[in-house]
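Lettering of chains follows the sequences in order, A, B, ..., and the numbering in each one begins at 1.
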Protein chains: 2
Amino acid sequence: MSDSSGSEDILLSAGIRPTQARMRIMNYLLTSETHPSTEELSLALRGTGVPIPAATLYQSLEKLCQAGLLIRFTGKDGQVRYDANLSVHHHMICRCCNRVCDIAIKNPLSRLGIINEKSGKPIDNWALDQAAIEVKGLCPDCVGK
Amino acid sequence: MSDSSGSEDILLSAGIRPTQARMRIMNYLLTSETHPSTEELSLALRGTGVPIPAATLYQSLEKLCQAGLLIRFTGKDGQVRYDANLSVHHHMICRCCNRVCDIAIKNPLSRLGIINEKSGKPIDNWALDQAAIEVKGLCPDCVGK
DNA sequence: ATCATTGCAAACTGTTTGCATCAAG
DNA sequence: CTTGATGCAAACAGTTTGCAATGAT
């Protein structure tokens with residue numbers, strides 16, 4: 001079946017059973033450019049065959065996250081989204097079509113020039129080690145409209 | 001009553017009625033360092049007098065956001081939070097005590113050096129205009145522990 | 001007096017859980 | 001055969017809405 005391509009091995013090497021639901025989810029996330037919300041995912045999978053019941057979808061996503069195959073994050077809009085790209089990266093969001101693309105930023109913490117809002121002086125008493133960055137604008141497809 | 005300090009004028013000049021619930025909410029957010037979630041807010045207000053019923057709290061927060069007095073955002077943890085600091089700013093979060101402090105970053109978009117994750121080349125076909133940045137680490141109080 | 005706000009209860013939405021059936025190893 | 005996954009239905013939590021009572025102007 002076309003659903004089993006590639007994902008089967010990934011699931012097996014993560015030590016979890018390569019079931020229909022999980023493979024379909026992994027396949028979709030691995031091939032899609034976007035980082036779909038649960039609802040978008042449900043809708044998209046309905047288009048590729050039998051719909052996946054809500055309970056199964058949630059359970060499978062939970063399992064895949066636990067297995068370390070997916071990352072779950074919440075966008076600034078409050079939507080929970082899933083991402084099969086495990087490398088550290090950031091997101092670029094189109095405010096028109098809501099597309100979410102991955103971007104890389106080298107040494108973000110040292111570039112940012114973080115300062116105290118009131119004094120304008122650099123923050124030097126915190127031990128910062130991580131940055132989560134979301135940039136917004138218009139994607140190539142929407143910039144013309 | 002101690003609740004009316006300052007907030008009354010703010011609500012009046014925003015053109016909405018300075019009611020008890022709204023003043024208590026604004027007062028709390030204006031004086032608190034944190035950016036409370038709905039639940040934290042409800043809990044904190046319960047401590048300052050009569051509890052505010054859920055419906056009223058949600059309705060009031062909605063009104064205050066519409067009036068432009070509050071900003072609503074969703075943290076990476078998925079919690080909806082409110083902020084009375086209207087200036088454009090970013091957040092610094094202590095991973096130990098969860099304190100959220102405001103920070104400023106000048107021209108974040110030009111500093112970041114955003115590149116395509118795969119090619120490593122700069123992104124030049126998007127029209128980016130906004131960045132939301134959350135940095136994490138340990139605050140001065142927790143860095144010693 | 002008028003109209004917006006409050007606050008209870010009921011409705012709704014997204015997510016989780018119990019459990020019997022089904023599928024993978 | 002054994003164990004884990006599925007998927008229905010029911011439970012749940014957070015939020016929103018209908019509407020009568022209340023409060024602000």
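Comparing atom distances between the A:Thr56 side chain and each of D:dG7, D:dA5, C:dG7 picks out D:dG7 as nearest. Of the candidates C:dG7, C:dT5, D:dC8, the closest approach to any side-chain atom of B:Lys63 belongs to C:dT5.
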Which donor-acceptor pairs under 3.5 Å do side chains of residues 118-125 of chain B form with protein atoms, sequence neighbours excluded?
unit_1: B:Ser119; atom_1: OG; unit_2: B:Lys121; atom_2: N; d: 3.1

Side-chain polar contacts of residues 136-145 of chain A - donor-acceptor pairs under 3.5 angstrom, sequence neighbours left out - could you list them?
unit_1: A:Asp141; atom_1: OD2; unit_2: A:Arg99; atom_2: NH2; d: 3.3

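No engagement by B:Ala54 is indicated, since no non-hydrogen atom pair under 4.0 Å with the nucleic acid exists.
The main-chain N or O of A:Thr38 is never found under 3.5 Å from a side-chain atom of A:Ser42 such that the two would form a donor-acceptor pair.
Between B:Thr38 and A:Pro53, the residue whose closest nucleotide on DNA chain D is further toward the 5' end is A:Pro53.
Shown here are the salt bridge (Lys or Arg N to Asp or Glu O under 4.0 Å) partners of B:Arg72, two or more places apart in sequence or in another chain: B:Glu62. With sequence neighbours left out, the salt bridge (Lys or Arg N to Asp or Glu O under 4.0 Å) criterion links A:Arg46 to no other residue.
A straight line from CD1 of B:Ile16 to C1' of C:dA4 spans 11 Å, rounded to a whole angstrom. Taking atom CE of residue A:Met23 and atom C1' of nucleotide C:dA23, one finds them 12 Å apart after rounding to whole Å. Rounded to whole Å, the distance from CD on A:Glu62 to C1' on C:dT17 is 13 Å. The interatomic distance linking A:Leu57 (CG) with D:dG7 (C1') rounds to 12 Å, in whole Å. The distance from atom CD of B:Gln66 to atom P of D:dT16 is 11 Å, rounded to the nearest whole Å. The nearest whole Å value for the distance from the CZ atom in A:Arg22 to the C1' atom in D:dG7 is 14 Å. Atom CZ in B:Arg81 sits about 15 Å away from atom C1' in D:dG14, given to the nearest Å. Straight-line distance from the CG atom of B:Leu61 to the P atom of D:dT17: 15 Å, rounded to whole Å.
Listed by first and then second residue, the side-chain hydrogen bond (donor to acceptor under 3.5 Å, both in side chains) pairs that reach into residues 103-115 of chain A come to none, sequence neighbours excluded.
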Atom pairs, N/O to N/O, protein against nucleotides 23-25 of chain D, distance under 3.5 Å?
unit_1: D:dG23; atom_1: N2; unit_2: B:Arg17; atom_2: NH1; d: 3.2

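Using a 4.0 Å cut-off, some side-chain N or O of B:Ser60 falls inside it from OP1 or OP2 of C:dT6.
Looking only at side-chain heavy atoms (C-beta outward), A:Leu57 and A:Leu61 come within less than 4.5 Å of each other.
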